[in-house]
Amino acid sequence: MVKTFLSIFISLALLLAAALFEHFYISNTFETFDIALNALEDKVREEIASREDAEAVRTLWEADKRNLHAVIPHNDISQIDYWLGETVSCIETRTYPDALSRLEVLQSICRQIPMTYKITFENIF
């Protein structure tokens, strides 16, 4: 009986630890990416953004994306890839209003994904 309760307690503790790790890892990753997107947005608003600026954000995303595949669905990752590619293309052609609209979509996605993994009543049940 004691072994059963101990096993249940250890299992629950491991699940809780995994959930907390997932929550903080995803939040920190997307917070960093959002900061990079905000810096790029400022440059786009001033119309001084270059392809190198956008590629720097893409490089940051590519580095984070490798680890995120284990935690979030591929569809979420491919959405970010798509919108980031569109943004880079718009910046390269200097169509800054279009780049701003794509950056807004990216920022929205980057705020929504961590909310999906937040430990809340709605997400648990």
Side-chain angles (χ1 to χ4, degrees):
M1 183 83 153
V2 172
K3 288 182 183 180
T4 303
F5 284 128
L6 187 60
S7 297
I8 291 171
F9 177 74
I10 290 172
S11 298
L12 289 175
L14 288 172
L15 284 173
L16 181 63
L20 287 173
F21 172 76
E22 178 185 59
H23 167 71
F24 288 115
Y25 177 71
I26 290 174
S27 294
N28 289 340
T29 300
F30 279 99
E31 184 176 311
T32 303
F33 187 56
D34 192 46
I35 290 169
L37 288 174
N38 286 333
L40 183 60
E41 180 187 19
D42 291 342
K43 285 188 171 190
V44 170
R45 284 192 190 283
E46 296 172 10
E47 296 187 357
I48 59 171
S50 66
R51 181 176 175 90
E52 290 78 26
D53 296 325
E55 286 295 337
V57 174
R58 186 186 294 198
T59 302
L60 174 68
W61 170 246
E62 293 292 330
D64 291 337
K65 177 172 84 167
R66 291 186 195 130
N67 297 326
L68 286 173
H69 272 290
V71 190
I72 65 174
H74 178 72
N75 289 341
D76 291 341
I77 291 173
S78 64
Q79 265 190 345
I80 293 173
D81 285 339
Y82 172 77
W83 287 107
L84 189 56
E86 289 276 326
T87 303
V88 171
S89 178
C90 289
I91 289 172
E92 183 177 29
T93 59
R94 305 224 182 270
T95 52
Y96 293 116
D98 291 340
L100 278 174
S101 66
R102 280 142 178 92
L103 277 169
E104 187 175 325
V105 171
L106 270 170
Q107 289 169 332
S108 176
I109 292 170
C110 288
R111 287 186 201 107
Q112 290 172 359
I113 289 175
M115 296 303 289
T116 307
Y117 297 94
K118 200 170 198 175
I119 301 172
T120 61
F121 182 76
E122 296 85 18
N123 289 341
I124 293 173
F125 294 104

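P114 and I26 make their closest contact through CA-CG2, 4.0 Å (heavy atoms, listed as atom of the first residue, atom of the second, distance). Here the closest heavy-atom approach between residue V57 and residue F33 is recorded as CG1-CE1, 3.6 Å.
Atom OH of Y96 and atom CD1 of I48 lie 8.5 Å apart (nearest 0.5 Å). For the atom pair OG (S7) and CG (L12), the distance works out to 11.0 Å, reported to the nearest 0.5 Å. For the atom pair R111 CZ and I109 CD1, the distance stands at 11.0 Å (nearest 0.5 Å). We find the CG-OG distance between L84 and S89 to be 11.5 Å, quoted to the nearest 0.5 Å. The CG atom of L106 sits 11.0 Å away from the CG atom of N38 when rounded to the nearest 0.5 Å. Rounded to the nearest 0.5 angstrom, Y82 OH and Q79 CD are separated by 10.5 Å.
I80 is listed as a side-chain neighbour of I113, based on a closest heavy-atom distance under 4.5 Å. Proximity of D53 to I91: side-chain heavy atoms (C-beta onward) are nowhere separated by under 4.5 Å.
E41 has a carboxylate O that lies under 4.0 Å from a charged side-chain N of R45, or vice versa, which qualifies the two as a salt bridge.
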Under 3.5 Å, which donor-acceptor pairs link side chains of residues 97-105 to any protein atom two or more places apart or in another chain?
residue, atom, partner, partner atom, Å
S101, OG, D98, O, 2.7
R102, NE, E86, OE1, 3.0
R102, NH1, D98, O, 3.2
R102, NH2, E86, OE1, 3.4

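Cluster annotation: I72 is connected to F21 through the hydrophobic network of ILVMFWY side chains, with a link wherever side-chain heavy atoms come within less than 4.5 Å.
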